Enquirer: 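I have a structure I would like to understand better, so I am pasting it below and will then ask my questions one at a time.
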Amino acid sequence: MKVLIVGGGIIGCATAYELAKSGCEVALFERATPGAEASSAAAGLLALLGAPTDTTFARLAVASWRLYPDVVRELQARTGIDVEHVTRGTIYPMSTTQTRGDAEALALMPELGVEVLEGKDVQALEPALSPKVRRVIFVKGDHWLNNQRLVLAYAQAVAAVGVELRTGENVSRVIVEGARARAVVTEGERVEGDAVLLAAGAWTSELVASFGMRLRVEPRRGQMIALAHVPPVLTYCVHGEAYLAPRPSGELLIGATVERAGFQRAVTAEGIASLLRAAIELVPSLRDLPIARTWCGFRPWAPDGLPILGPWPGIEGLFVATAHFRNGILLAPITARLMTDWITAGKPGMDVTEFLPDRFLPRA
Ligand SMILES: Cc1cc2nc3c(=O)[nH]c(=O)nc-3n(C[C@H](O)[C@H](O)[C@H](O)COP(=O)(O)OP(=O)(O)OC[C@H]3O[C@@H](n4cnc5c(N)ncnc54)[C@H](O)[C@@H]3O)c2cc1C
């Protein structure tokens with residue numbers, strides 16, 4: 001079976017890798033370079049960001065989180081790339097209204113190991129935290145990694161398993177004929193396949209429009225800052241109004257805004273000021289650290305904030321995997337498995353009915 005994937009972000013690359021390992025012939029079309037967009041812009045936290053717990057979405061996140069240690073080992077063995085998987089845990093400063101019960105609600109799974117710490121125990125854990133931070137939830141099982149390296153590792157791995165990696169190639173159209181996805185069109189070339197997977201992130205709507213249908217996926221801009229972090233000030237990830245993620249390679253990432261700003265590729269004075277204000281409030285000594293870089297990216301967002309995963313109803317061989325919004329890095333391994341199950345075996349390995357594209361499409 002030949003599968004054509006449009007989009008070389010984390011979702012397209014991870015799925016190409018799983019499909020090729022399961023025996024499919026795969027061509028991956030990326031108009032820029034692998035991970036050029038949201039997948040490199042992210043912070044790489046493997047924690048649920050702004051999503052409710054005890055839902056199908058949370059179960060999907062847990063399943064993906066559990067796959068990560070093996071994914072990291074496998075990619076490192078295949079490519080030699082260290083993706084800086086840090087497993088130390090995250091500190092969540094508690095507001096005066098939060099209770100121990102709120103902390104327990106964060107414990108999606110026993111491995112997360114949630115604790116509430118107060119007073120001197122907080123300072124002992126992370127001495128750089130402001131003394132104003134008196135009570136925290138410490139989630140030992142929160143992990144994070146370097147997503148730029150991760151997407152690069154996936155891209156190297158897909159090439160190693162025989163995927164045809166067509167970078168610098170924009171797909172202008174998806175060809176649907178006789179209720180079947182037949183091909184994609186790049187500059188001047190029609191490439192035939194047995195299945196087409198749309199994994200074009202915040203640009204997926206444009207591809208859907210190319211075969212005369214509508215799917216509302218919009219960009220949600222996120223701005224980020226990296227401070228030079230040598231010698232390191234923080235050991236743990238800290239997640240308050242902003243999040244602070246220390247990377248072993250010497251940067252402290254501060255993120256992220258969530259904005260409705262279309263595809264305006266700009267880092268703004270207000271965006272950066274608000275992130276720095278929140279970061280310095282949590283860790284006052286950050287005010288002396290140099291700013292290494294700033295950037296922004298476009299998260300793919302659907303109107304209910306949930307991913308869109310699965311076959312397109314009524315068009316054989318057409319599949320979508322997008323709208324991972326704030327959690328696409330966390331959800332990439334499980335998305336890759338689910339999409340591979342769907343494309344090769346006709347059904348996914350877990351019930352994710354509520355993420356089907358059907359929910360946004362007019363009923364036949
Ligand atoms: C600031 C920020 C912080 C984030 N932090 C986190 C985090 O800590 N943890 C987490 O889990 N998630 C995080 N996310 C979310 C995560 O980055 C996204 O959900 C995820 O990267 C989406 O991956 P994707 O492959 O769908 O999209 P993208 O990475 O955007 O990839 C889509 C690709 O498709 C290509 N493309 C588009 N149209 C075409 C076409 N017609 N032809 C060919 N190629 C095309 C684009 O060039 C692009 O490379 C963050 C996002 C941002 C912006």
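Computed from a predicted model, the values in this text were never measured in an experiment. In what follows, residues are counted from 1 in the order of the sequence shown. Just so you know, ligand 1 is whichever comes first in the structure, and atom 1 is the first atom listed for that ligand.
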Enquirer: Can you find an N or O of Gly35 that's nearer than 3.5 Å to an N or O of ligand 1?
Expert: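 No, Gly35 has no N/O under 3.5 Å of an N/O on ligand 1.
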Enquirer: May I ask you to check whether Arg149 and Tyr154 show a side-chain donor-acceptor distance below 3.5 Å?
Expert: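 Arg149 vs Tyr154: no donor-acceptor pair found between side chains.
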Enquirer: Is Glu270 salt-bridged to Arg277, going by a charged N under 4.0 Å from an acidic O?
Expert: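 The answer is yes: the pair qualifies as a salt bridge.
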Enquirer: Check ligand 1 against Ala200 and write out every atom of the ligand that is under 4.0 Å from a heavy-atom position of the residue.
Expert: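 Near Ala200, the atoms of ligand 1 are 32 (C), 34 (O), 37 (C), 38 (N).
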Enquirer: What atoms in ligand 1 come closer than 4.0 Å to a heavy atom of Phe325?
Expert: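 With Phe325 as reference, the close atoms of ligand 1 come out as 15 (C), 16 (C), 18 (C), 19 (O).
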Enquirer: Considering both backbone and side-chain atoms of Ala256, is one of its nitrogen or oxygen atoms within less than 3.5 Å of a nitrogen or oxygen in ligand 1?
Expert: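 Between Ala256 and ligand 1, no N or O pair is found under 3.5 Å apart.
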Enquirer: Do the charged groups of Arg166 and Glu189 touch, with an N to O distance under 4.0 Å?
Expert: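 Counted as a salt bridge, because a side-chain N and a carboxylate O are separated by less than 4.0 Å.
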Enquirer: Pull out every atom of ligand 1 sitting under 4.0 Å from any heavy atom of Ala43, numbered as shown with elements.
Expert: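 That gives atoms 3 (C), 4 (C), 5 (N), 6 (C), 8 (O) of ligand 1.
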Enquirer: Are Gln223 and Thr268 close enough that a side-chain donor and a side-chain acceptor fall under 3.5 Å?
Expert: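 There is such a pair (donor and acceptor under 3.5 Å, judged by atom type) between the side chains of Gln223 and Thr268.
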Enquirer: Do any N/O atoms on Leu45 end up under 3.5 angstrom from N/O atoms on ligand 1?
Expert: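 For ligand 1, there is an N or O atom that lies under 3.5 Å from one belonging to Leu45.
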Enquirer: Considering both backbone and side-chain atoms of Phe298, is one of its nitrogen or oxygen atoms within less than 3.5 Å of a nitrogen or oxygen in ligand 1?
Expert: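 It does not: no N or O of Phe298 is found under 3.5 Å from an N or O of ligand 1.
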Enquirer: I need the atoms of ligand 1 closer than 4.0 Å to a non-hydrogen atom of Glu169, numbered in the order shown.
Expert: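 Close to Glu169: 43 (C).
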Enquirer: For Ala41, counting its heavy atoms only, list the atoms of ligand 1 lying under 4.0 Å from any of them.
Expert: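 Those qualifying, in numeric order: 1 (C), 2 (C).
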Enquirer: Polar contacts were defined as any N/O atom of the residue lying under 3.5 Å from an N/O atom of the ligand; does this apply to Gly44 and ligand 1?
Expert: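 Right, the criterion is met.
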Enquirer: So does Arg190 pair up with Glu177, basic N to acidic O under 4.0 Å?
Expert: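 Salt bridge between Arg190 and Glu177, a charged N being under 4.0 Å from a carboxylate O: yes.
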Enquirer: For Arg134 and Gln123, does a side-chain donor sit closer than 3.5 Å to a side-chain acceptor?
Expert: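 There is no such pair (donor and acceptor under 3.5 Å, judged by atom type) between the side chains of Arg134 and Gln123.
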Enquirer: From atom 25 (O) of ligand 1, work out which of Ile11, Ile329, Thr186 has a heavy atom at the shortest distance.
Expert: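 Shortest heavy-atom distance from atom 25 (O) of ligand 1: Ile11.
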Enquirer: Heavy atom to atom 51 (C) of ligand 1, shortest distance: which of Arg299, Arg220, His324 holds it?
Expert: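 The option holding the nearest heavy atom is Arg299.
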Enquirer: What atoms of ligand 1 come within less than 4.0 Å of a heavy atom belonging to Tyr243?
Expert: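 Matching atoms, with element in brackets: 3 (C), 5 (N).
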Enquirer: Side chain, backbone, both or neither: which applies to Arg326 and ligand 1 if a contact is any heavy-atom pair less than 4.0 Å apart?
Expert: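 It is the backbone that touches ligand 1; the side chain stays farther off.
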Enquirer: So that I can tick it off, tell me whether Glu192 and Lys2 are bridged by a salt bridge, with the cut-off set at under 4.0 angstrom between side-chain N and carboxylate O.
Expert: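 Judged by the 4.0 Å cut-off on N to carboxylate O distance, Lys2 and Glu192 do not form a salt bridge.
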Enquirer: Would you say Gly222 has any N or O atom under 3.5 Å from an N or O of ligand 1, going by distance alone?
Expert: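 So ligand 1 has no N or O lying under 3.5 Å from an N or O of Gly222.
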Enquirer: Relative to ligand 1, is Trp203 under 4.0 angstrom through side chain, backbone, both or neither, heavy atoms considered?
Expert: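 Contact part for Trp203 vs ligand 1: side chain (C-beta onward).
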Enquirer: Heavy atoms only: which of Arg221, Gln223, Arg31, Glu30 is nearest to atom 35 (C) of ligand 1?
Expert: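 It is Glu30 that holds the nearest heavy atom.
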Enquirer: Measure the distances from the heavy atoms of Trp144 to every atom of ligand 1 and state whether one is below 4.0 angstrom.
Expert: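 So Trp144 does not count as touching ligand 1.
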Enquirer: Going by the atom numbers of ligand 1, which of them fall below 4.0 Å from some non-hydrogen atom of Asn327?
Expert: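 Listed by number with element: 10 (C), 11 (O), 12 (N).
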Enquirer: Would Leu331 count as a polar contact of ligand 1, with the cut-off being nitrogen or oxygen pairs under 3.5 Å?
Expert: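 No, there is no polar N/O contact under 3.5 Å.
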Enquirer: How about Glu30 and Thr167: does a side-chain donor come under 3.5 Å of a side-chain acceptor?
Expert: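 Result is no, nothing qualifies.
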Enquirer: Can Glu115 and Lys140 be counted as an ion pair, charged N to O under 4.0 angstrom?
Expert: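 Looking at Lys140 together with Glu115, the answer is yes, because their closest N to O distance falls below 4.0 Å.
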Enquirer: Quick check: does Pro300 get an N/O under 3.5 Å from an N/O on ligand 1?
Expert: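 By distance alone, the answer is no.
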Enquirer: Below 3.5 angstrom, do we get any N/O pair linking Val6 and ligand 1?
Expert: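 No - when backbone and side-chain N and O of Val6 are compared with those of ligand 1, no distance drops under 3.5 Å.
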Enquirer: Between Tyr68 and Trp144 (judged by ring centroids, cut-off 6.0 Å), do the two rings come close enough to count as a pair?
Expert: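 Not under 6.0 Å, so no.
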Enquirer: At a non-hydrogen distance cut-off of under 4.0 Å, which region of Trp301 contacts ligand 1 (side chain, backbone, both, or neither)?
Expert: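 Looking at Trp301 and ligand 1, no heavy atom falls under 4.0 Å.
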Enquirer: Going by heavy atoms, is Ala202 under 4.0 Å from ligand 1?
Expert: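 No, Ala202 has no heavy atoms under 4.0 Å from ligand 1.
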Enquirer: For Lys132, is there an ion pair with Glu281 - N to carboxylate O distance below 4.0 angstrom?
Expert: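 Looking at Lys132 together with Glu281, the answer is yes, because their closest N to O distance falls below 4.0 Å.
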Enquirer: Could you tell me, atom by atom, which parts of ligand 1 come under 4.0 Å of a heavy atom of Met224?
Expert: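 Taking each heavy atom of Met224 in turn, ligand 1 has 1 (C) under 4.0 Å.
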Enquirer: Does Asp142 pair with Arg88 as a salt bridge, N-O distance under 4.0 Å?
Expert: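 A salt bridge is absent here (no side-chain N lies under 4.0 Å from a carboxylate O).
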Enquirer: Sub-3.5 Å donor-acceptor pair from the side chain of Arg221 to the main-chain atoms of Ala266, do we have one?
Expert: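 Yes; judged by distance alone, with no hydrogens or angles, the pair exists.
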Enquirer: Between Tyr236 and Phe138, does the ring centre distance come in under 6.0 Å?
Expert: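 Yes, they do, as the ring centres are separated by less than 6.0 Å.
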Enquirer: Thr322 to ligand 1: N or O pair under 3.5 Å?
Expert: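 By distance alone, the answer is no.
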Enquirer: May I ask you to decide whether Arg31 forms a salt bridge with Glu37, counting only side-chain N to carboxylate O separations under 4.0 Å?
Expert: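 Salt bridge: no.
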